[in-house]
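Protein chains get the first letters and strands the later ones, always in sequence-line order, with residue 1 at the start of each. From a predicted model like this one, the values you see are computed outputs, not experimental measurements.
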Amino acid sequence: MIKLSVNNQPYTVDVEPAMPLLWVLRDILHLTGTKYGCGMAQCGACTVHLNGEAVRSCVTPVRRAENQTVITIEGLSKDFSHPLQRAWIEEDVPQCGYCQSGQIMAAAVLLRENPHPTDQDIDDAMSGNICRCGTYQRIRKAIHLAAKLSAK
Amino acid sequence: MSTTSYNRRDFLKTGGMLSSGLLISFFVPAGAKRFIPGGETPEPLFAPNAYLNIGPDNTVKITLAHVEMGQGIWTTLPMLIAEELDCDWSKIKVEHAPPGAPYIHTLYGVQITGGSSTTWSEFDRYRNAGATARTLLVEAAAKKFNVSPSECHTENGFVIAGNQRASYGELADAAAKLPPPASVKLKDKKDWKYIGKVKKRLDTTAKISGEAMFGIDVHFPGMLIAVPAHAPVFGATVRSFDASAAKAIKGVQEVVQVPTGVAVIADNFWAAKQGRDALKIDWELGPGENIDSTTQFEEYRQLAATKGATAAQAGNADDALSRANKKIAAEYIFPYLAHAPMEPLNCTVKISDDLCEIWTGTQMPGLDQSIAAKILGFKPEQVKVNTLFLGGGFGRRANATSDFVAEAVNVAKASGKFIKLIWTREDDIRGGYYRAAFLHQVHTGLGADGLPIAWQHRIVGQSIQEGGPFAASIKNGIDPTSVEGVSDSPYLESIPDHNVELHSPKLPVTVLWWRSVGNTHTAFVMETMIDELAFAAGKDPVAYRRSLLKGKRHLAALDLVAKKSGWDKPLPQGRFRGVAVHESFGTVVAQVAEISIREGHLRVHKVTCAIDCGLAVNPDGVKAQMESCIIFGLTAVLYGEITLEKGRVKQRNFHDYKMLRMNETPLIEVHIVDSNEKMGGAGEPGVPPVAPAIANAIFSATGKRVRRLPLQSSDLVKV
Amino acid sequence: MKIHQYHFLKPDRITLVSICIILVISVATLSFKYDDKKVSHTSIAEKDSIVSQKAFLQVYKVLMSPRCMNCHPAGDVPLQGDDNHLHPQGVKRGPEGKGLYALKCSNCHQSENTPGLNMPPGVPDWHLPPSNMRLVFQGRSPHDLAMQLKNRKQNGNKSLHDLIEHMNTDLVKWAWEPGDGRSKPPLSYAEFVNQLKIWIDKGAVVPPRGR
């Protein structure tokens, strides 16, 4: 039995400690906003916050999250009010949308640590998240916009 | 459940059953409800046709004959209806259509999303659907207000006459009882409120909150997860297998053999994948083992030395070549490419005595339905297909065998279990249905004026249409998708002596359309060779193209991209430009790439793009597609390559089948030609010009011509 | 911003501090021991110089092997694989050598190797040298690397004995347990440490330039 907090809700799960957090979220807790893309930390679709850091849940054994705090895209805000979500809407970022949960969770850490990122900072933070639809330019614009929205 | 009738009463019934069916059977994660197609709207009151219905709460539910895989059709088709219906945009709900006759492609004859065709092929049908509904609502209102229909007008979901007004929801019941109008008049272009205006996507909030349901996200109580083990080489079959180690893994429930391999069924994905990896399978490899990328191109080269099927022919290219002042010959090589949509392929299947229900992201729900029915010995109407959002398609989710859907049905059938089949990324990269590998050989000759007088072209590569739903398009040994972009090239029109020949070798490697299809390689050959000829003639690449191209659209796109990229202005030191223009899917796209090469490393700084797609229904959607196409094309230039060694695919996942990332993304500027030309597509035609524009820029940096994709490091070293 | 409201546990910090304390104590003990030994080396014979240099070349082979060099790159991007290619996610060193923003080392690298080919390797506290003490191996000649290792301004203010202690960390030892599909350094761990000790014991002689 492993206890963890996901989106401020306590959970106890009966799984193998080596099971990746991704599959606990998706298959056990049915929080499917976090996506499977590669299973080897290459694409970032599975990015969630573990104690505030943008971990790749597909390679994170659930035992690492034991008694720790996990936030997924579902827990980022109520009603799309996070500045990044507002900016994503404003810039019409998503296409197929599959990677966007991971993109937003990665960007959230960037903005927390650097409220006014440059293009270089965005490259340094976001190059671990693949978007096959190629929405990178809009993601970049939306992050800049979110920085402005947060500053207001 | 098949909706095979235009009859709105039938559809009303079917539609109602579909909605409640979904509501009952879905286990819905909290908060996700509103984004499940058909999930929440109350029983519709008014369903004037198969494309929309209106509920008592004024909800306008729009049913898409095409599927949303990123291209924005979830928004563009509703724009067409809203334009004519004059409804409240905020009351629109969207859903994917089930398989059914009303949703068959207006031109292709099957239910398919592809060929960059949705907007133009639905332009009339969806506007008519909206206009029909509006006419009936006005008629109902006129009766209610006791005025003539001509005294009524509509506004944002209301019918108004004088000081009387009624919402569409209030009128729905009465409108449903009226006979449909014989014909409707569509709005004049000058009155358009939606078409041609920028409209924000309707699926964004779902896709930034984790609420959007993709095929891979469906979950039902009692459902198990299946992960397949596929053959190591194409065409291999299972001789025997040992599942004991797999079955020892906690959570593994069952292991079944299916025609495509062996599947492990477990409580969750992790257990199923571990089980899959623990299987010991003895494969009958067959001839697939003999394929090797290196020898494959050697064999293609030998084929290219022989005469092929004629795809285009004019004059006598041999004679003309012998008269040429200057001759240029080149060979080009293009590898297999995987689509690699971000959402790995998956399909959920539940089979009961007389019904099979499927949930998946698919580009051809109708074909999936009939293939599933065939496997089960069912009638098509006993198979219900629910199409969720597609996490990318690019052509992969539409193929002649419905491979991943058929496999899921086979797994469910063999096990008797309710399963969600999920392919790993490795299964996807190694799963075939690639853009076919191609080899081109071109011999050209220039006349005294520096313009080409002869063009001989041989193309070698597998046919993607053979055995597929569009096999009838193969005529006289020519699969048009193998030669499109060459045989119909506007350059050849201006060259009196030319011929284009094709060899279509057969190989066990499965091949398929891949975003922009044949144009992925033909545009590269044409646009780099034309560039080479321009250089040989001592002409500016844009000016040289202008002297050969007669089409208004080509010239408009070329002129616009030249202007916007500052083609005539000098570049900073170390920066180089290349240009390309290509027509595909009824749209002309021109691009200028600006690059630099430092320490053998290519950096694409900027891509300027001009597109003439005729009317752009949602201009920002068109721009988004061009941005997407450019990244897709650039990925193929830099990284895209599937190689085979002893029949085995070398690449596995994103570490060795790489994708372009944020830090490699150029600045992209898209300009839309203000055009009254025939509407073309937008989802694909931005891909073909990217690679040649970059290769031409590389030539101006290095003096070297790129003859093979992806780029090799030797391409980036100066001559 | 919503995200500020998260409760941040920082267990890493705490562990790090305690590890540091333990390290300081053990290093002190070691140094003491070695100082004892040093007394016996009153002069360095020419023979010792040759032995020392020879030992360093063995050490050098290990340090330049991909498992060591890949985290001691010349630039700010770590390397991967036996061909020392750039880490593909554009991962950067960051001031503390632990990556940046959403691309911190420990976001993917666990406290142990993730099983499977090309999966992220791991030990607790996976990191690069920090940006103010980059400890570059890539491109260094034996002469340059030996000079650098001996220079307290370039080696993280380590005495030669501290260097031996560094080789005792999980991160260094990982090179000999690198996970599925990765090659190991050319010497065994014991032999590597032995050669390092010989180099130091025999005077830490710097090989001449051009070798």
Q) More than 12 foreign heavy atoms under 6.0 Å from NZ of B/K197: is that the case here? A) yes

Q.
For the interface with chain B, which of A/Q120, A/M126, A/Q103 has the highest count of heavy-atom pairs at distances below 4.5 Å?
A. A/M126

Q. Highest number of heavy-atom pairs under 4.5 Å with chain A: which of B/P344, B/G251, B/G391?
A. B/P344

Q: Among the options A/S127, A/G97, A/G134, A/A45, pick out the one with the most heavy-atom pairs lying under 4.5 Å from chain B.
A: A/S127

Q.
Counting heavy-atom pairs closer than 4.5 Å to chain A, which one of B/K207, B/R425, B/R661 comes out on top?
A. B/R661

Q) Under a 4.0 Å N-O cut-off, is there an ion pair linking B/D217 with A/R26? A) yes

Donor-acceptor pairs under 3.5 angstrom involving side-chain atoms of residues 265-272 of chain B: please list them, not counting sequence neighbours.
residue, atom, partner, partner atom, Å
B/D267, OD1, B/Q253, NE2, 2.6
B/N268, OD1, B/W270, N, 3.1
B/N268, OD1, B/A271, N, 2.8
B/W270, NE1, B/Q274, OE1, 3.4

Q.
With side chain to side chain contact (heavy atoms under 4.5 Å, CB included) as the criterion, how do B/E627 and A/Y136 come out once you've worked through the C-alpha distance, each side chain's angles and the decisive distance to 0.1 Å?
A. CA-CA 9 Å; B/E627 293 162 14; A/Y136 300 121; over 6 Å; no

Q: Any chance you could measure A/I73, atom CD1, to B/I208, atom CD1, to the nearest 0.5 Å?
A: 7.5 Å

**Q.** CD1 on B/I249 to CD on A/E16, rounded to 0.5 Å
**A.** 9.5 Å

Q.
So for A/D124, is it side chain, backbone, both, or neither that comes closer than 4.5 Å to the heavy atoms of chain B?
A. neither

Q | Under 4.5 Å from any heavy atom of chain A - which part of B/L667 | A | both

Q. Can you list every pair that meets salt bridge (Lys or Arg N to Asp or Glu O under 4.0 Å) and has a residue in residues 4-13 of chain A, with sequence neighbours left out?
A. none

Q. Roughly how far, to the nearest 0.5 Å, is the SG atom of A/C96 from the CD atom of B/E68?
A. 9.0 Å

Q: Among the options A/A125, A/P94, A/G33, pick out the one with the most heavy-atom pairs lying under 4.5 Å from chain B.
A: A/P94

Q) If you take all heavy atoms of A/C133 and B/S628, which pair is closest and at what distance? A) O-OG, 2.6 Å

Q | Which of B/T424, B/I668, B/I225, B/I422 touches chain A most, by non-hydrogen pairs under 4.5 Å | A | B/I668

Q: Using a cut-off of under 4.5 Å on heavy-atom pairs, state which of A/I89, A/T135, A/I139, A/I104 scores highest against chain B.
A: A/I89

Q: Please tell me if the side chains of A/W23 and B/K273 come closer than 4.5 Å, counting only heavy atoms from C-beta onward.
A: no

Q: May I ask you to test the A/E74-B/E211 pair for a side-chain heavy-atom distance under 4.5 Å?
A: no

**Q.** Heavy-atom proximity to chain A below 4.5 Å, by part of B/D428
**A.** neither

Q. Between B/G72, B/G392, B/A624, which has the largest tally of heavy atom pairs under 4.5 Å with chain A?
A. B/A624

(Q) Any non-hydrogen side-chain atom of A/M40 less than 4.5 Å from a side-chain atom of B/F654? (A) no

Q: State the NZ-CG distance between B/K200 and A/D92, to the nearest 0.5 angstrom.
A: 5.0 Å

Q. Has B/K606 got more than 12 heavy atoms of other residues, nucleotides or ligands less than 6.0 Å from its NZ?
A. yes

Q: For the pair A/Q42 and B/K658, evaluate side chain to side chain contact (heavy atoms under 4.5 Å, CB included) and give the outcome as yes or no after the intermediate values.
A: CA-CA 9 Å; A/Q42 287 286 332; B/K658 288 188 189 166; over 6 Å; no

Q) Is the closest side-chain heavy-atom distance between B/M342 and A/Q100 below 4.5 Å? A) no

Q: Enter the distance from B/M662:CE to A/I122:CD1 here, rounded to the nearest 0.5 Å.
A: 6.5 Å

Q.
With rounding to the nearest 0.5 angstrom, report the OG to NE2 distance, B/S209 to A/H82.
A. 13.5 Å

Q) So which of B/D620, B/L660, B/I429, B/L390 has the largest heavy-atom pair count under 4.5 angstrom toward chain A? A) B/D620

Q: Tell me, for B/I216 versus chain A, whether the close heavy atoms (under 4.5 Å) come from the side chain, the backbone, both or neither.
A: both

Q: Decide yes or no on side chain to side chain contact (heavy atoms under 4.5 Å, CB included) for A/R132 and B/T635, but give the supporting numbers first.
A: CA-CA 9 Å; A/R132 185 64 164 143; B/T635 300; 3.8 Å; yes

Q. Is the shortest heavy-atom distance from the side chain of B/Q625 to the side chain of A/Q95 under 4.5 Å?
A. yes

Q) Should A/Q137 and B/K623 be marked as a side chain to side chain contact (heavy atoms under 4.5 Å, CB included) after you check the CA-CA gap, both sets of side-chain angles, and the distance that decides it? A) CA-CA 11 Å; A/Q137 177 158 298; B/K623 285 184 177 177; over 6 Å; no

